[in-house]
Every structure is written in structure tokens, then in C-alpha cells.
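Here is the structure we will look at, set down as C-alpha cells.
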Amino acid sequence: MSNGSGSPISPRCVAGATALFLAAAGLTGCSGGGGGSGDGAADDARRQPVAASSSAGVRPAPRPEPSEAPSGTAGATSAAPSPSPSAPAPAAAEAAADGPLKGKVVVVDPGHNTRNAQHTAEINRQVDIGTGHKECDTTGTETNSGYSEAAFTLDLAHRLRTILQAQGAKVVLTHDGDRPYGPCVTERAEIGNAAHGDAAVSLHADGAGAGDRGFHVILPAAVRGGRADTSPIVGPSKELGARIAGNFVRTTGSAPSNYIGKGTGLDTRGDLGGLNLSTIPKVFIECGNMRNAQDAAQLTDTTWREKAAQGIADGIKDFLRG
């Protein structure tokens, strides 16, 4: 499946939460979804902003709809001098010597950047996502107490990297908090493609209405336009998303979103550059709603974040070992 080839996954039966999500995605409990076609029927236009928009650009905000994420204001943090934004800066890939994922490459994309708010002109620049144009990046949302989505995603990415490396995988981060802003959504996809990743996941948290709860995994729709052609990755991405969702429920105890996905925990979109331009199996995960008090209590808890990282890692492992 390296380099987005979409090679079939060997049959392997699964049970429990993962099986339920495979069923919800139209897949069987015995995997083989790597060659699936996907329905491609994204309901991309049905969602309009309502409050702080979601990190995948699906939730409310009294601002223009963002590219890959919400337009909430993420708190900036201090950091060491950053490299030039013109130079790609994926974090160095590292791998454990042995483990069940030895030889596999996983791309982890921490949504947003804690310093995006200091570079509004740069992140508002329009970029070509194949089927249209969107902002280079957005600031992301935050909890009512000010814990930013960008801080959450970077912390979760570090935890996920540690778990995957312990299993032998080579892990490539699209950034490691070492850039002045971004990277742009187009570059996030390019980093994964250049790494010839076997799987990629973009980490986010939503910014929906206060009464909305739960997580959801966003799958790529079948789109084709400009540089975008997701036809090779729709099937394997669908199975990757279902396996992550099932394991996320099992390890965190969190329920699927009550406002997106009709209780399945799965959503399909065709307007996200990070998915449209990917040539490797890739999904987004909105780990919870930062504007909901119960979800926020989990997202700000280090013990829960470790469980979230474990659930995502288990889903990736299930997919790659198929």
C-alpha cells in the first residue's frame, strides 16, 4: 500500500467496536477493504458555520469557512526561532528497530500551528486544493478556558509517534511546532506523499455548538479535479477510518458524534485539501468538541489524551497489518 497504491489488505476477521465501524463504513468484519471503491457521495455543502468553526472546516463560526479547520483563535506560544516558511520542515522520521510495524511509514499531521494567529496574512493566502481554493491554513479552535486545538494536536501527535515507533514504524510529522505558521494544507499532503507513507492521519478537535459531543473520522470523497484525484485512496482510507474509529471508542470510551455522521462516527468530505491532494491512504479525526464542557474536560486531560493516542495507533496498526 506504500505510495498510495491501494493494494488489497489480507483478510482478517475483527470483532467488537472495530467490527461495528467497519459495518458502518460498508465493510466486512474480515478486512479486504484496501481495494474498496467508496461511495464518493460527500455531503460537503450541507454544513454551514454556526459557532467557532471545526478544525475540518465543518463547524460554525461567524467567519469565512476555513480550509482544513476552524477559524477559532488559537493561543500563540513561545518557541525557538523558526526556519524559513518556504522550506518544507517535516519532523525527522524515526523508527524503532523491531516491532509489528517494522518497515511501515506512518504520516502524522498535527492540525494547525500555535503561531498561526501571528501570521494571518500568510495563512489566509489562497491555495489550490484541486477542486477549488481555500486558505493556506487556519488558527483552529480552542476550549472556553483557552486550551488551543493546535496545542492539543501537537501533544497528541507526540504521544501517537511514541506508540507507533515502539511498534517499529517510521513516523513522519508534517511539522513539530518548529515553523512560524502552517504548513499550508497543500504542503501537508505533499509531505505525506513524498514520504511514501503507508497511512496518514490528520489530528484535530472540533469547535461546534456547546451541546454537540463526540468524535468523528473524516474520509476522503471520490473527487477529481486539477491535481486532485482520490480514486486510488478512497477504498483503503475508508477502512483506515473505520478501524481508527472502532479502536478509538474501545480505548477512550468516547461516543461517536451526535451532530455529524448520524451516529456512525464517520463522515465523507470532498472539500479538504489535505485529503484531496493525498496519494496515500489518509483520514482526519476530530477527537471531540472543544466547545462542549464534557468533551473539553477529556481533551485537556493528559490521561485521556494518552488513551486517544493509543486508540488511533491501534486503528493504524489493524489497518497496516490487515
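For the pair Cys287/Trp304, a side-chain contact is recorded, criterion being any heavy-atom separation below 4.5 Å from C-beta on. Counting heavy atoms from C-beta outward, Lys104 and Lys170 have side chains that stay 4.5 Å or more apart. Taking 4.5 Å as the limit, every side-chain heavy atom of Phe284 sits out of range of all side-chain heavy atoms of Val217. Side-chain contact between Val172 and Val108 is absent, with no heavy atoms from C-beta onward closer than 4.5 Å. In this structure the side chain of Ser254 reaches within 4.5 angstrom of the side chain of Gln298, judged on heavy atoms. For the pair Arg161 and Asp176, the minimum side-chain heavy-atom distance is below 4.5 Å. Put simply, the side chain of Asp137 does not reach to within 4.5 Å of the side chain of Tyr181, judged on heavy atoms. At least one side-chain heavy atom of Asn276 sits less than 4.5 Å from a side-chain heavy atom of Thr131.
Panel note: side chain Lys134, backbone Ile129; no donor-acceptor pair is recorded below 3.5 Å. At distances below 3.5 Å, at least one donor-acceptor pair connects side-chain atoms of Asn193 with backbone N or O atoms of Thr279. Proximity of a side-chain donor or acceptor of Asp267 to a complementary backbone N or O of Ile218 within less than 3.5 Å is not detected. Here the side chain of Ser257 pairs no donor or acceptor atom with the backbone of Phe215 at under 3.5 angstrom. Not one N or O on the side chain of Thr143 forms a donor-acceptor pair closer than 3.5 Å with the backbone of Ala296. Checked by atom type and distance alone, the side chain of Thr252 never pairs as donor or acceptor with a backbone atom of Ala308 at under 3.5 Å. Checked by atom type and distance alone, the side chain of Thr120 never pairs as donor or acceptor with a backbone atom of Ala117 at under 3.5 Å. Between the Asn113 side chain and the Pro180 main chain, no donor and acceptor come within less than 3.5 Å of each other. Not a single donor-acceptor pair under 3.5 Å links the side chain of Arg250 to the backbone N or O of Thr18.
Atoms CG and NE2, on Leu173 and His175 in that order, are 8.0 Å from each other to the nearest 0.5 Å. The line from CG of Leu240 to CG of Leu219 is 8.5 Å long, rounded to the nearest 0.5 Å. The CZ atom of Arg188 sits 6.5 Å away from atom OG of Ser202, with the distance rounded to the nearest 0.5 Å.
For the residue pair Asp318 and Asn247, a side-chain donor N or O sits within less than 3.5 Å of a side-chain acceptor on the partner. A donor and an acceptor atom, one from each side chain of Thr141 and Asp206, are nowhere located under 3.5 Å apart. No side-chain donor-acceptor contact under 3.5 Å links Asp212 and Asn289.
Between Asp155 and Arg159 a salt bridge is recorded (basic side-chain N to carboxylate O distance below 4.0 Å). Salt bridge annotation for Arg227-Asp128: absent, with no cationic side-chain nitrogen under 4.0 angstrom from a carboxylate oxygen. Under the 4.0 Å criterion applied to side-chain N and carboxylate O atoms, Glu187 and Arg179 are assigned as salt-bridge partners.
Scanning all heavy atoms of the two residues, the minimum distance from Thr264 to Phe21 falls at O-CE2, 2.7 Å. For Gly211 against Asn292, the heavy-atom pair with the smallest separation is C-ND2, 4.1 Å.
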